Asker: 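Just dropping this structure here.
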Amino acid sequence: MRLSRYPIFTTKEIPRTTELISHQLMLKAGLIRNVSSGIYSYLPMGYRVLNKVISIVKEEMNKIGAEQVLLPFIQPADLWKRSNRWKNYGEELLRFQDRKGGWFVLSPTHEELITQLVKELVTSYKRLPLVLYQIQIKFRDEMRPRGGVIRSREFLMKDAYSFSQNEKEMKEIYQQMRSAYERIFSRCHLKYKLVEAESGSIGGNLSHEFIALSPMGEDKIVECDNCGYLAKLEMANYSSAKDNDNEEIKPIKEVPTPGVKTIKDLSEFLHYRTSKLLKTLFYQTDKGLIGAVIRGDHQVNEEKLKKLVGAKKIQLAGEDAVKKETGIDVGFIGPVGINSQLIVDTTVMEGKNFVAGSNQKDLHFLNVNPGRDFQPWLVGNIRFPSSEDRCPRCGHSLSIRRGIEVGHLFQLGKLYSHALKARFLNKEGREDYFIMGCYGIGISRLPATIIEQNYDGDGIIWPIEVAPFEVVVIPTNEKTVDTSEEIYLNLQRAGLEVLLDDRDVSVGVKFKDSDLIGIPFKVILGNTWLKEKKAEIKNRKNGKIEKVKLDQVPKKIMELITYAK
RNA sequence: CGGGAUGUAGCGCAGCCUGGUAAGCGCGCCUGCUUCGGGAGUAGGAGGUCGUGGGUUCAAAUCCCACCAUCCCGACCA
């Protein structure tokens, strides 16, 4: 393509409200435009990248025998009622009515639809296993979209579904899918971790996530640097670091703390470490109001709390509810003398002489001791691990890292086939439910994630397999225009995706745009050509320049591309 | 859904507090000349319902109210 006629839309400035590098660079390089909250248009250069990612995904899906389908973006409510997700999916499911008053949804995922489809088409084990996938728009009405296309409401996703006659077969496909994912993310040059995960609203048993490492990521994982233990933060097991104190249990004592309401303030006011403070949080549950007691330096894991209590739903109680229950403002709540059922974290039970709220205004207690000063209803791990905790397997220290979820594998089992009565005849001639798996990749999230891991001060550094173009030819002098044209045509003939920057702009602009957009290789024709009759090939990633004779340019570029892969 | 901001030219912003010759700057865009190896210089030019709707006032981008939209933090979530 000739850049003089190609729609590129690079800019010098970006809104100061954007935070993520990938978001900034995608706007600056003119890959995407924001349309509405969490909704984006892809411009030609950005769509090229997206298509590169799609090609990789398709290739790897086809390699493991998955076939592509296209399911509708709009689904009737009936299917969702049958799986009970009409009720359970929540506000993220965007519902609407057609002119006849019938209810529909914008698809956030397609388990129901694919299960219904396969139910209608497959009636014998002889057609199994079956693996279908699609690359389709999804819509989830997120409360707060953020980070550009990393967390948008409308997004492109690859979702695959497998149907098997037994567990063993399903697990085999799961493994194949896992290998395919590893190849896909490697080809995208992503540094990632495969971690055990929760299955969330999709449902099912075993589940793994592919987390691309990034300090800006929304997901947290724990990793043991010694034995390699890996898990999502909310799923992670850990063994608590023991306070090896031989402290004596002291008598409880009041201490005035006028206006000191937060853990941070309390810590500074009394000169106590936050790990010596207790916080008591109230939750509304279907089992009544409960109080969760944890150390000041810890965070409650609501999922774990929910499981321990055996509640279906829990929600942090508002300040009004707390005041009604305890008669006191948030800030001076403590476990001593509370009527509510107390769920106490294990690490609290192991500690001594804590500082806690007294349930009286402007007053805290020193030397609060669990068991003596308050009685737990339940004791268990109800918190997220912290960096002080130890690996549950080997006892080594754990590190907490951030990342972006780019892929998710679920073993669904019979969850949806049961709900939708999707059965086949097995070898014994009996009806059996399909054993299902489902496997997602956040396609539209991938380009942004790749940028998060591949950029520098000048812009994006695309890995060769996802770059919008492989090489750009830049004449820097009027006398080299014809030669540039010649090289451009030669590169095109060699089957390369090549741009010719024939725009009437200064050389600096050409270099800057090329770097910003992240074209992997530049062929520069200027002084070196005029003096030495050689073209320069500059590598975007490492800045290295090689001087090459004209007829050697295509060959050299091909070598560099092969090497880069 | 709680908290905090913002909405002024295609893009990025100032002006608002203290109402009145302030519709202003930078980038980009158009024209001429000069430039041309890392976002050129110069001279001229086009371009704005000041988010929307009410209100106050002789007078509103500016003050008040409501609404809409967007962004950030949190909670939630694949």
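Predicted model only: the values in this text are computed from it and were never measured. Chain letters run A, B, ... following the sequence lines, proteins first, then strands; residues in each count from 1.
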Asker: Go through the side-chain N and O atoms of A/H110 and A/Q134 and say whether any donor and acceptor fall under 3.5 Å apart.
Answerer: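 Note: A/H110 and A/Q134 side chains meet the donor-acceptor criterion.
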Asker: C1' atom, B/C13 versus B/A5: distance in rounded Å?
Answerer: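 These two C1' atoms come out 16 Å apart once rounded.
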Asker: Measure CZ/A/R153 against P/B/C76 and give the value in whole Å, please.
Answerer: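 After rounding, the reported distance stands at 20 Å.
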Asker: Using the P atom as the point on both nucleotides, what is the distance between B/G20 and B/G12, in whole Å?
Answerer: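 Rounded to whole Å, the distance is 27 Å.
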Asker: Choose from B/C11, B/G37, B/G39 the nucleotide whose nearest atom is closest to any side-chain atom of A/R33.
Answerer: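 Of the options given, the side chain of A/R33 lies nearest B/C11.
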Asker: State, without any angle test, whether A/R82 and A/Y416 hold a side-chain donor-acceptor pair at a distance under 3.5 Å.
Answerer: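 There is no such pair between these side chains.
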Asker: With the threshold set at under 4.0 Å for non-hydrogen atoms, list the residues of residues 441-456 of chain A touching RNA chain B in residue-number order.
Answerer: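 Going residue by residue through residues 441-456 of chain A, the ones with a heavy atom under 4.0 Å of RNA chain B turn out to be A/R445.
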Asker: Between A/I14 and A/G147, which has a closest nucleotide on RNA chain B that is more 5'?
Answerer: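 Whichever sits nearer the 5' end wins; that is A/I14.
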Asker: With ring centroids as reference points, do A/Y133 and A/Y161 lie under 6.0 angstrom apart?
Answerer: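 Not under 6.0 Å, so no.
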Asker: Between B/A9 and B/A14, how many Å separate the two C1' atoms, rounded to a whole number?
Answerer: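 Their C1' atoms lie roughly 14 Å apart.
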Asker: Please state the P separation for the pair B/C67 and B/A22 - nearest whole angstrom.
Answerer: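 Those two atoms are separated by 35 Å.
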Asker: Please list, pair by pair, any protein nitrogen or oxygen found under 3.5 Å from a nitrogen or oxygen in nucleotides 40-48 of chain B.
Answerer:
{"residue": "B/A40", "atom": "OP2", "partner": "A/S506", "partner atom": "OG", "Å": "3.0"}

Asker: Dot-bracket notation for RNA chain B is requested: 5' to 3', Watson-Crick or G-U wobble pairs only, both distances under 3.5 Å, with ( ), [ ], | and . as defined.
Answerer: (((((((..((((......[...)))).((((((.....)))))).....(((((..]....))))))))))))....
Asker: Looking only at the side chain of A/K522 (C-beta and beyond, no hydrogens), which of the listed nucleotides B/A78, B/G38, B/G37 gets closest?
Answerer: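 From the listed options, B/G38 comes nearest.
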Asker: Looking at A/R85 and A/E112, does any basic side-chain N land under 4.0 Å from a carboxylate oxygen?
Answerer: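 Salt bridge between A/R85 and A/E112, a charged N being under 4.0 Å from a carboxylate O: yes.
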Asker: What integer distance in Å separates A/I545:CD1 from B/G38:C1'?
Answerer: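 Atom CD1 in A/I545 sits about 11 Å away from atom C1' in B/G38.
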Asker: Start with the C-alpha gap between A/F410 and A/Y439, add the side-chain angles, then the distance that decides, and say whether ring-ring contact (aromatic ring centres under 6.0 Å, His included) holds.
Answerer: CA-CA 6 Å; A/F410 301 91; A/Y439 320 91; 8.5 Å; no
Asker: Which part of the nucleic acid, if any, lies within reach of A/K479 when heavy atoms closer than 4.0 Å are counted: base, sugar-phosphate only, or nothing?
Answerer: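 The answer is nothing, as A/K479 stays clear of every strand by at least 4.0 Å.
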Asker: Any donor-acceptor pair, under 3.5 Å, between the side chain of A/E13 and the base of B/G26, if you only look at N and O atoms?
Answerer: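 Under the 3.5 Å cut-off, the side chain and the base do form a donor-acceptor pair.
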Asker: Could you tell me whether the side chains of A/T109 and A/E111 share a donor-acceptor contact shorter than 3.5 Å?
Answerer: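 The criterion, which ignores hydrogens and geometry beyond distance, is satisfied for A/E111 and A/T109.
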Asker: For the residue pair A/Y283 and A/E302, confirm or rule out a side-chain donor-acceptor distance under 3.5 Å.
Answerer: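 Yes, a side-chain donor-acceptor pair sits under 3.5 Å.
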Asker: Between A/R5 and A/D502 (salt bridge meaning N to carboxylate O under 4.0 Å), is one present in this structure?
Answerer: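 Salt bridge flag = no for A/D502 with A/R5.
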Asker: Can you see which heavy atom on A/P475 is nearest to which on A/L500, and at what distance?
Answerer: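 Nearest pair, atom of A/P475 first, then A/L500: CD-CD1, 4.5 Å.
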Asker: Expressed as a whole number of Å, how far does the P atom of B/C11 sit from that of B/U70?
Answerer: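 My reading of the P atoms in B/C11 and B/U70 gives 16 Å.
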Asker: Just the rounded figure in Å: distance from P of B/A78 to CG of A/D219.
Answerer: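 Taking CG of A/D219 and P of B/A78, I get 10 Å after rounding.
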Asker: Can you figure out which of B/C36, B/C72, B/C71 approaches the side chain of A/N34 most closely?
Answerer: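 Between B/C36, B/C72, B/C71, the one nearest the side chain of A/N34 would be B/C71.
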Asker: When we call it a touch if two heavy atoms are under 4.0 Å apart, what does A/G440 touch: a base, just sugar-phosphate, or nothing?
Answerer: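 Nothing, no heavy atom under 4.0 Å.
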Asker: Can you tell which of B/U70, B/G37, B/G38 lies closest to the side chain of A/K512?
Answerer: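 Closest nucleotide to the A/K512 side chain: B/G38.
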Asker: Between B/A75, B/G38, B/A78, spot the one nearest the side chain of A/D515, thanks.
Answerer: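 The answer is B/G38.
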Asker: Taking atom P of B/A78 as reference, at what distance in whole Å does atom OH of A/Y439 sit?
Answerer: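 Distance, rounded to whole Å: 19 Å.
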Asker: Taking CD from A/E19 and C1' from B/G74, how many angstroms apart are they, rounded to a whole number?
Answerer: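 From A/E19 CD to B/G74 C1': 14 Å.
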Asker: Closest approach of A/K538 and A/G543, non-hydrogen atoms and distance?
Answerer: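 Heavy-atom minimum between the residues: CE-O, 3.8 Å.
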Asker: For RNA chain B, whose closest nucleotide is more 5', that of A/D504 or that of A/Q299?
Answerer: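 Result of the comparison: A/D504.
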Asker: Taking donor-acceptor contacts at under 3.5 Å, does the side chain of A/D513 reach the base of B/G39?
Answerer: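 Donor-acceptor pair under 3.5 Å: yes.
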Asker: NA contact type, A/E218, heavy-atom cut-off 4.0 Å: base, sugar-phosphate, or nothing?
Answerer: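 The residue A/E218 makes no contact with any strand.
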Asker: Quick one: does any side-chain atom of A/R445 pair with a main-chain N or O of A/I150 as donor and acceptor, under 3.5 Å?
Answerer: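 The answer is yes, because a donor-acceptor pair under 3.5 Å joins these two groups.
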Asker: What distance, rounded to whole Å, do you find between the two P atoms, one in B/C65 and one in B/G26?
Answerer: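 Result for the P pair: 35 Å, nearest Å.
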Asker: I need the CE-P distance between A/M143 and B/C72, as an integer number of Å.
Answerer: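 Checked: the CE to P distance equals 16 Å.
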Asker: Using the C1' atom as the point on both nucleotides, what is the distance between B/G44 and B/A60, in whole Å?
Answerer: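 34 Å, rounded to whole Å.
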Asker: How many Å lie between CZ on A/R503 and P on B/G28, as a whole number?
Answerer: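 Whole-Å distance recorded here is 13 Å.
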Asker: State which of B/G38, B/A78, B/U70 makes the closest approach to the side chain of A/S36.
Answerer: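 Per side-chain heavy atoms of A/S36, the pick is B/U70.
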Asker: Of all the choices, B/C1, B/A78, B/C36, which nucleotide is nearest to the side chain of A/F155 once you look at every atom?
Answerer: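 Of B/C1, B/A78, B/C36, B/A78 is nearest to the side chain of A/F155.
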Asker: Work out which heavy atom in A/T476 is nearest to a heavy atom in A/I524; give both atom names and the distance.
Answerer: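 Minimum heavy-atom contact is CG2-CG2, 3.7 Å.
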Asker: For A/T476, report the nucleic acid contact type (base, sugar-phosphate, nothing); a contact means any heavy atom under 4.0 Å.
Answerer: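 Counting heavy atoms under 4.0 Å across all strands, the contact made by A/T476 includes a base.
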Asker: Do A/H298 and A/K279 pair up side chain to side chain, a donor and an acceptor below 3.5 Å, judged on atom types alone?
Answerer: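 Note: A/H298 and A/K279 side chains miss the donor-acceptor criterion.
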Asker: By the 4.0 Å heavy-atom rule, please label A/S152 as base, sugar-phosphate, or nothing.
Answerer: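 The residue A/S152 makes base contact.
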Asker: Within 45 degrees of the axis of the six-membered ring of A/W529 and under 6.0 Å from its centre: does A/K531 put its NZ or CZ there?
Answerer: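 No, A/K531 and A/W529 do not form such a contact.
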Asker: Scan A/I524 against the nucleic acid and name what it touches under 4.0 Å (heavy atoms): base, sugar-phosphate only, or nothing.
Answerer: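 Touches a base.
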Asker: OP1 or OP2 of B/C73 less than 4.0 angstrom from a side-chain nitrogen or oxygen of A/R144, does that happen here?
Answerer: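 So the side-chain polar atoms of A/R144 do come within 4.0 Å of the phosphate oxygens OP1 or OP2 of B/C73, strictly under.
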Asker: If only side-chain N and O atoms of A/S37 are considered, is one of them under 4.0 Å from the OP1 or OP2 phosphate oxygen of B/C71?
Answerer: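 So the side chain of A/S37 is within the cut-off, an N or O lying under 4.0 Å from OP1 or OP2 of B/C71.
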Asker: Return the minimal non-hydrogen interatomic distance between A/D297 and A/R295, and the atom names on each side.
Answerer: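 A/D297 and A/R295 have their closest heavy atoms at OD2-NH2, 2.9 Å.
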Asker: Quick one: does any side-chain atom of A/R153 pair with a main-chain N or O of A/S37 as donor and acceptor, under 3.5 Å?
Answerer: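 It does hold such a pair.
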Asker: Counting the atoms with a prime plus P, OP1 and OP2 as sugar-phosphate, which does A/E142 contact under 4.0 Å by heavy atoms, base, sugar-phosphate, or nothing?
Answerer: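 A/E142: base contact, heavy atoms under 4.0 Å.
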Asker: Answer with base, sugar-phosphate or nothing: what part of the nucleic acid does A/E91 contact at a heavy-atom distance below 4.0 Å?
Answerer: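 Result for A/E91 = nothing.
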Asker: Has A/F9 got its ring stacked on B/G10, by the test of a centre gap below 5.5 Å and a plane angle below 30°?
Answerer: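 According to the criterion (under 5.5 Å, under 30°), no, A/F9 does not stack.
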Asker: Expressed in angstrom and rounded to an integer, what is the separation of A/I8 atom CD1 from B/C11 atom P?
Answerer: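 The distance from CD1 of A/I8 to P of B/C11 comes to 18 Å, rounded to the nearest Å.
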Asker: For atom C1', what is the distance between B/G37 and B/U42, given to the nearest Å?
Answerer: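 Comparing C1' positions in B/G37 and B/U42 gives a spacing of 23 Å.
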